[in-house]
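Take a look at the structure set out below.
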Amino acid sequence: MAVTRPVDTDSHVYLVDGSGYIFRAYHALPPLTRSDGTPVGAVQGFCNMLWKLLEDLKGEDQPTHLAVIFDYSGKSFRNDFYEAYKAHRPDPPEDLVPQFGLIRDATRAFQLPCIEMEGYEADDLIATYAKQAAALGARVTVASSDKDLMQLVNGQVTMLDPMKAKRIGPDEVREKFGVGPERVIDVQALAGDSVDNVPGVPGIGIKTAAQLIEEYGDLDTLLARAGEIKQPKRREKLIEHAEGARVSRRLVTLKDDIEIDSPLEEFGTADPEAESLLGFLRSMEFRTLTRRVEEALGSGPADETGDATAPVERDRYECVQTMDALNRWIARAKAARVVAVDTETDALSACASRLVGVSLAVAPGQACYIPLGHLGGDLADGGGRPEQIDMAAALGALKPLLQDPAVLKVGQNLKYDLAVLKRHDIDVAPYDDTMLISYVQEAGLHGHGMDELAQTLLGHTCISFKEVAGSGKSQKSFAEVDLKSATAYAAEDADVTLRLYEILKPSLAQRSMATIYETLERPMPGVLARMELAGVKVDVAQLSRLSSDFAQKMAEAEEGAHAAAGTKFNLGSPKQIGEILFGQMGLPGGKKTKGGAWSTDAAVLDQLAAEGHDLPRQLLTWRQFSKLKSTYSDALKAAINPDTGRVHTSFSLAATTTGRLSSSEPNLQNIPIRTEEGRTIREAFIAEPGHVLVAADYSQIELRLLAHIAGVDALKDAFKAGHDIHAMTASEMFGVPLDEMDGATRRKAKAINFGIIYGISAFGLANNLGIGRDEAKAYIDSYFRKFPGIADYMDAMKAEAKERGYVQTLFGRRCHFPGIRDKNPAMRQFAERQAINAPIQGTAADIIRRAMIRMEDAIGRAGLKARMLLQVHDELVFEAPEDEADRLIEVVREVMEGAALPAVALSVPLDVEAKAAKTWGQAH
DNA sequence: ATGTTCACG
DNA sequence: GACGTACGTGAACATC
């Protein structure tokens, strides 16, 4: 744990260039993966280096202060004046990406400060800290071998190559650059750096640059007197590229006056607490290093307050009601470098609710609640508004903590809190989400809500919301809950979240799911929170018109139905419909429902209507309009947020077994499109004036993935050639030439193609096509013969699910099916069909997640203002200024079509159809 | 709280 | 040969 210790002339400050080290370790060391496949080579190199540094320096060179400093991902201030800076750098290798997060975890496990700052590179932070420390008289060691840091070297500041254990002082710098440290930037400005896109002066390398600087003293003098140079080529180049040299000097000159968040004094070194470090090293499977650390530190039992499984004591939570108390908690959180955060609001919707309080936990059992928006009126609080810190002041103090790149914020379903805090202009980062850490490991096995996780992982029963707010009609909003109950409830949430994190996070690595979590889960809450906050505009007048149209159609159908039945009844009651149709009228009943009653669903009513009966026809019409009115036109109008005038859905990240999202309150993933009447609802989704909606959807993505995953050459070739896939299937199966294909045959093939994806059964296909079971069976057999690979794929998935309990997507996401070993054959077969479907549906879900994660950045880089609003499984919906539409479509298509790369190279192309229009309906 | 139906991919 | 079905969701409404 870092301690606070003043910096003075006896201090020795170590500044470790974490980012520089990551790349060197990655390239210098052989690739290493943990047993679960997570790449950890760079992490191991990094941990070895840190440990060696700490051990080697036990003598007189021992650091009194130490911090590890990282680049902030994204652009730096240098791009503000020179756009091309580091622009040609390729994206880091796929197997390095997950290690960035792990290396920050490693730093925290060593209990060392982990420093980064938006807009700055690690080198600038190091320069700033080095200057401050030197000014206080301390000695400084910069642990790096990066030549760009050599300009910092002087009598007090030396560098240490952490891999070669070699000291770099002024003499070594002179050896490398031919000039002393104080002239290094001049030499770099002339020589340039092709790797970082620093232009320099063409034709001049380090040797020549050093010679010129030696001769003329410094860069400005050289450029001013360039005309005196004897060699004509060199003279011309220098005169021509003088400005390039000046820009280059600005690029290579490190910024040493950044306003830093974490002062030097907080970097005081202390022996690391053994268990948390060892826990991390063991989870990474670094056996040698684990043993070394065990020997050096001993490994006693965990400290009582640090045990995630210690009993939860609700009365020990603190209710924070003064700025002093709040500042103490913020300091504790900063020191701990990890803090669990939870927000309480007065309603369930993140977009429509008001912030009521924030809770924090810094260690198991160490949690507080900060009430901010509680109302008076409760007798327990004496009737008045309870004593609370001013909301703006509290958020002002919390903001730097919540945005501090060196403090990890942990939440349970953090998307909600991100959205609430974003509305108060706070961008929480970095973060981890316990719900997602659980989901990525155990999707399909159980739910991932906090109460359930606390029960199973901690054996703890959380206070229910009802216990503090009541239930039913008398339920209070959280703002009306008294502070004592609110503190017990809210602080417990943060406490439990932190404990869950300590248990769940290490298991992520143990089961080699860290890469999936890092690439497909961790980035999502931020993306979705922004989409939900953006919302989508709907045309209120249009919805009102539709509601009254539908009401009229319903009334007509109701009248017709009552007339046809000869009696009045409730058209919304399947029970009454059954009694009339199959009782009074004596029609033959078709299938039964699960509960044993006669089914009256659309398939049954359709059949009866086709036989010429009027009542089922009227019922179908009534149901259609009743559905459109109550579920869509009425509900959407009621869902409009009065502040924004838009509809804000909530996306759920941990609801499905396959990795798909779900949408609720309202569900915007099931807006009608299949029928003409239904489409009118989609026409009510509109763009702001001067804007358009762009809808982009993957064409046939699941069939394409089936072709790739099952290795079906005929399907692959058809997709590569851009053929109509259902017509091709029909032609193969039924022997009809493509140019003679009729609609009915193609429709049959289409049903079979979909059936395959769903884990086909003869009964299901027969039902769907309205044919006999024998005929359906013959179709399936014929399909398997024509497309070898499919049957093998199905058998393989069933076997894999049976053996492991889960199947995997192409990217490695696991979908569990506990029913696969059930003794009930129906349950088992259900699980088998799920196991066949999940890798296909799940891979498609992974691909669109990857596209979404890359999309915002791609839109930003293209200089567009467009916003991503909705995801509907294979479709993304955007809103953009009219004049951006064409460019947006280009960017969106590029990102979506390439979303599987580089992790997976598909053997079929992904095709995206995109269109811009004023309404969602027209954008299809 | 559960079942039925139906909207979407 | 049993089992009773197409895969994944969420919302409204009736009924218990």
Side-chain angles (χ1 to χ4, degrees), chain A residues 443-444 569-578 591-605 619-620 622-636 638-639 649-652 655-675 677-679 681-682 697-698 700-703 706 751-769 773 776 780 797 815 817 819 822-842 844-845 848 870-875 924:
Chain A
F569 66 100
N570 181 354
L571 275 72
S573 163
K575 193 178 164 218
Q576 293 179 33
I577 292 173
K591 48 186 181 180
K592 292 273 188 71
T593 66
K594 222 191 237 135
W598 290 112
S599 171
T600 69
D601 68 14
V604 172
L605 296 183
L619 286 170
L620 283 165
W622 185 87
R623 276 204 186 144
Q624 182 188 13
F625 291 112
S626 164
K627 179 77 176 179
L628 291 176
K629 182 170 189 289
S630 63
T631 310
Y632 298 105
S633 56
D634 288 352
L636 282 171
T649 185
S650 170
F651 288 105
S652 172
T656 70
T657 338
T658 55
R660 270 195 178 179
L661 307 183
S662 76
S663 158
S664 61
E665 291 173 296
N667 181 355
L668 296 185
Q669 289 182 322
N670 71 346
I671 300 304
I673 192 169
R674 290 172 185 170
T675 68
E677 296 85 353
R679 264 172 186 264
I681 299 283
R682 224 168 247 243
D697 65 285
Y698 284 110
Q700 310 280 13
I701 189 170
E702 294 196 353
L703 270 178
L706 174 71
I752 299 169
N753 274 332
F754 277 106
I756 294 292
I757 290 174
Y758 296 152
I760 203 158
S761 74
F763 196 99
L765 182 63
N767 218 13
N768 189 281
L769 282 177
R773 228 157 116 182
I780 295 169
M797 288 309 107
C815 313
F817 302 102
D822 200 292
K823 61 180 178 353
N824 177 349
M827 292 286 285
R828 223 165 42 230
Q829 283 165 4
F830 180 42
E832 284 173 358
R833 289 194 299 272
Q834 291 176 310
I836 290 166
N837 173 259
I840 302 166
Q841 188 182 112
I848 200 165
L870 298 174
Q871 188 251 44
V872 193
H873 310 309
D874 64 355
E875 172 186 7
H924 271 274

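Chain letters run A, B, ... following the sequence lines, proteins first, then strands; residues in each count from 1.
At distances below 3.5 Å, not a single donor-acceptor pair connects side-chain atoms of A/Asp822 with backbone N or O atoms of A/Arg828. Although no hydrogens or angles enter the test, the distance criterion places a donor-acceptor pair under 3.5 Å between the side chain of A/Thr649 and the main chain of A/Pro666. When atom types are taken as modelled, the side chain of A/Ser599 and the backbone of A/Lys591 share no donor-acceptor pair closer than 3.5 angstrom. Looking only at distances, no side-chain donor or acceptor of A/Asn753 sits under 3.5 Å from a matching main-chain atom of A/Ile756.
If A/Pro825 and A/Phe830 are placed on DNA chain C by their nearest nucleotide, the residue sitting closer to the 5' end is A/Pro825.
Residues forming a side-chain contact (heavy atoms from CB on, under 4.5 Å) with A/Pro672 (at least two apart in sequence, or on another chain): A/Leu628, A/Tyr632, A/Ile681. For A/Trp622, the side-chain contact (heavy atoms from CB on, under 4.5 Å) test picks out A/Met554, A/Ala557, A/Glu558, A/Leu571, A/Ser626, with sequence neighbours left out. Annotation: ring-ring contact (aromatic ring centres under 6.0 Å, His included) contacts of A/Phe569 (sequence neighbours excluded): A/His562. With sequence neighbours excluded, the residues forming a side-chain contact (heavy atoms from CB on, under 4.5 Å) with A/Ala831 are A/Phe817, A/Ile820, A/Gln834, listed by chain and number. Qualifying side chain to side chain donor-acceptor pair (under 3.5 Å) partners for A/Arg833, counting only residues two or more places apart in sequence or in other chains: none. In terms of the side-chain contact (heavy atoms from CB on, under 4.5 Å) criterion, A/Ala635 has no residue partners (sequence neighbours excluded). A search for ring-ring contact (aromatic ring centres under 6.0 Å, His included) contacts involving A/Phe625 returns A/Phe550, not counting sequence neighbours. Looking at residues two or more places apart in sequence or on another chain, you find no side chain to side chain donor-acceptor pair (under 3.5 Å) involving A/Gln829.
With a cutoff of under 4.0 Å to any heavy atom of chain A, the contacted region of DNA chain C is bounded 5' to 3' by C/dA2 to C/dC16. Put simply, chain A comes within 4.0 Å of DNA chain B, heavy atom to any atom, from B/dT4 to B/dG9, going 5' to 3'.
Contact detail for A/Ala776 and A/Ala766: the closest heavy-atom pair is CB-N, 3.7 Å. Contact record, A/Gly759 with A/Ile836: CA-CG2, 3.9 Å, taken as the closest heavy-atom pair.
Less than 4.0 Å separates DNA chain B from no heavy atom of any residue of residues 569-576 of chain A.
In this structure, A/Asn670 reaches the bases: a heavy-atom distance under 4.0 Å links it to at least one base atom across the strands shown. At the heavy-atom level, A/Ile671 lies under 4.0 Å from the strands shown only through sugar-phosphate atoms. Within 4.0 Å (heavy atoms only), A/Ala838 reaches no atom of the nucleic acid at all. Using a 4.0 Å heavy-atom distance criterion, A/Ser663 is classed as a sugar-phosphate-only contact. Among the atoms of the strands shown, base atoms are found under 4.0 Å from some heavy atom of A/Ala751. Contacts of A/Ser630 with the nucleic acid, taken as non-hydrogen atoms under 4.0 Å apart, involve only primed sugar atoms and P, OP1 or OP2. In this structure, A/Asn824 reaches neither bases nor backbone, as no heavy-atom distance under 4.0 Å exists between it and the strands shown. A/Thr600 comes within contact range of the sugar-phosphate backbone alone, with a heavy-atom separation under 4.0 Å but no base atom that close. A/Arg623 comes within contact range of the sugar-phosphate backbone alone, with a heavy-atom separation under 4.0 Å but no base atom that close. Residue contacts shown for A/Ile836 are absent, as no nucleic acid heavy atom lies under 4.0 Å away. Across all strands, A/Ala655 comes closer than 4.0 Å only to sugar-phosphate atoms, never to a base (heavy-atom distances). Within 4.0 Å (heavy atoms only), A/Gly759 reaches no atom of the nucleic acid at all. Residue A/Glu665 is in sugar-phosphate contact alone, with no base atom involved, counting any heavy-atom pair closer than 4.0 Å across all strands shown. Nucleic acid contact for A/Gln834: sugar-phosphate only, since backbone atoms but no base atoms lie under 4.0 Å from a heavy atom of the residue.
Separating the NE2 atom in A/His873 from the CG atom in A/Asp697 is a distance of 13.0 Å, to the nearest 0.5 Å.
Separation of the P atoms belonging to B/dT5 and C/dC3 is 24 Å when rounded to the nearest angstrom. Taking atom C1' in both B/dC6 and C/dA2, the straight-line distance is 32 Å, to the nearest Å. Across the P atoms, C/dG4 and B/dT4 are found 14 Å apart, a figure rounded to whole Å.
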* Secondary structure of DNA chain C in dot-bracket form (Watson-Crick or G-U wobble, distances below 3.5 Å, | marking inter-strand pairs) -> ......|||||||||.
